Amino acid sequence: MATPDGPDSNPGFDTSQPTIARVYDALLGGKDNFAADREGAALYLKYVPDAGRCAIENREALVKGVHYLVREAGIDQFLDIGSGLPTQKNTHEAAQEINPNARVAYVDNDPIVLAHGRALLATNNSTIVVTADLRDPQSILSNEEVRTHLDFSRPMALMIVGIHMHFHDDEKPDEWVRTIMDTLAPGSYLFITDFVDTGEPLQKGMERAGLESLGNGWIRTPERIEQHFLGMPLVPPGLDFLARWFPEDPDADVPAAEDLEPYQRILMAGLAKKA
């Protein structure tokens, strides 16, 4: 979609409301977004001037996590929910550069992700894109394309990376995750990045930007984020800020948390393994 706001644009869906995928795309410097999404991105930049750098660090964390899963854990199947638009290196690229046979199913509730993703992946038989929503986990688990593409009798990685777990606790997002993890084979992994609340003003700014632009984006304490992993043991180094999180080298010499830039203390990542 080269000219999303051009006179010939007729995407067939509502572009007057921003979506997570397209706001994230705008923050990453992508072109697959509309005026409402750019306004949403501007709100993030208003409250968190380094929001674009946060988005880049989050994408780098995705690559670190996928590399660990393929190289160290031997995972060759990925269910990536809330995958967003392919602006930077994606799960299938990170996985398939190590194991060309790795299979990826992308799931997003934004129809533009389906259209754009299928066009890009037309020649990649190991990767599919479907439209479904984490808030309705059965719509994912019962999707014929997903069930055919991935082997649910074997371990896989469930990925919820970015700004996709920031719903209000009243919506019980952990139960959505539990429904999916309960269907996955032993030896499967859960990979999450999430906005954190350790009491810093910039973290609150990120929450305010999300609530004003998208209607969600609540931040949570590290203890609350850890509960997303449903009691499963975390892979070293556990839950940590993205700049300190290196699952392939958990003993890496990393800066102290207090020495990170404020924007680097907004997101945390973690990986957990199902027994």
Side-chain angles (χ1 to χ4, degrees), residues 21 61-86 89-111 113-162 164-165 173-193 228-235 247-248 269-275:
L62 178 148
V63 174
K64 287 187 284 186
V66 170
H67 281 179
Y68 168 85
L69 289 163
V70 178
R71 200 152 34 208
E72 303 294 329
I75 294 295
D76 61 2
Q77 302 187 103
F78 297 83
L79 179 58
D80 187 343
I81 300 179
S83 53
L85 287 153
K89 182 180 284 190
N90 277 277
T91 298
H92 74 281
E93 294 165 317
Q96 291 167 6
E97 67 187 2
I98 299 171
N99 179 358
N101 296 316
R103 300 179 75 80
V104 178
Y106 289 120
V107 178
D108 204 284
N109 64 358
D110 186 342
V113 172
L114 177 70
H116 193 81
R118 285 189 168 171
L120 281 182
L121 298 168
T123 60
N124 187 323
N125 295 326
S126 297
T127 307
I128 64 169
V129 187
V130 302
T131 300
D133 197 316
L134 175 62
R135 292 170 290 189
D136 181 9
Q138 289 300 337
S139 72
I140 300 170
L141 295 172
S142 63
N143 185 284
E144 260 187 62
E145 286 185 83
V146 172
R147 302 294 304 194
T148 301
H149 191 69
L150 302 178
D151 182 354
F152 279 74
S153 70
R154 297 176 52 245
M156 69 179 72
L158 172 61
M159 298 178 52
I160 307 172
V161 174
H164 308 288
M165 278 300 287
D174 292 349
E175 293 307 308
W176 308 332
V177 177
R178 187 185 304 278
T179 297
I180 297 173
M181 287 303 301
D182 282 350
T183 70
L184 303 189
S188 293
Y189 285 80
L190 174 60
F191 177 18
I192 293 174
T193 67
H228 291 330
F229 294 96
L230 311 174
M232 295 183 292
L234 288 165
V235 171
E248 286 198 277
L271 265 170
K273 184 178 181 180
K274 179 178 179 178

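Only this structure's heavy atoms are used, side chains among them; waters, hydrogens and symmetry mates stay out. Just so we're clear, the structure is a prediction, and the values are computed from it rather than from any experiment.
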request  = Identify, with sequence neighbours excluded, every residue that meets ring-ring contact (aromatic ring centres under 6.0 Å, His included) alongside Y189.
outcome  = none
key: Partner set under side chain to side chain donor-acceptor pair (under 3.5 Å) for N124, not counting sequence neighbours   = Q96, T127
Distance, nearest 0.5 Å, that separates CG of D182 from OG of S188 = 11.5 Å
request  = Measure the CZ-CG distance between F229 and L271 for me, rounded to the nearest 0.5 Å.
outcome  = 7.0 Å
inquiry  = Per the side chain to side chain donor-acceptor pair (under 3.5 Å) rule, what does the pair list look like for residues 137-146, sequence neighbours excluded?
reply    = R118-E145
query = Is there any salt bridge (charged side-chain N to carboxylate O under 4.0 Å, His left out) pair reaching into residues 64-85, and which pairs are they, with sequence neighbours excluded?
reply = R71-E248, D76-R154
query = Less than 4.5 Å apart, any side-chain heavy atom of I81 and any of L158?
reply = yes
ask   = Below 4.5 Å, heavy atoms only, C-beta onward: do L184 and L190 meet side chain to side chain?
value = no
ask   = Would you find a donor on one side and an acceptor on the other, under 3.5 Å apart, between the side chain of T193 and the backbone of V161?
value = no
task = Could you grab the distance from atom NE2 of H228 to atom CG of L230, nearest 0.5 Å is fine?
result = 9.5 Å
query = If you measure from CZ on R147 to CZ on F152, what distance do you get to the nearest 0.5 Å?
reply = 4.5 Å
Closest approach of G187 to I75 (non-hydrogen atoms, all atoms of both residues) = O-CD1, 3.9 Å
message = I'd like to check the side-chain contact (heavy atoms from CB on, under 4.5 Å) partners of A94; sequence neighbours left out, ordered by chain and number.
response = V63, V66, H67, K89
request  = Could you tell me whether a side-chain N or O of D133 sits under 3.5 Å from a main-chain N or O of R135, the two making a donor and an acceptor?
outcome  = yes
message = Suppose we screen for ring-ring contact (aromatic ring centres under 6.0 Å, His included). Which residues come up paired with F191, at least two apart in sequence or across chains?
response = W245
remark   = For S153, the side chain to side chain donor-acceptor pair (under 3.5 Å) test, sequence neighbours excluded, returns D151
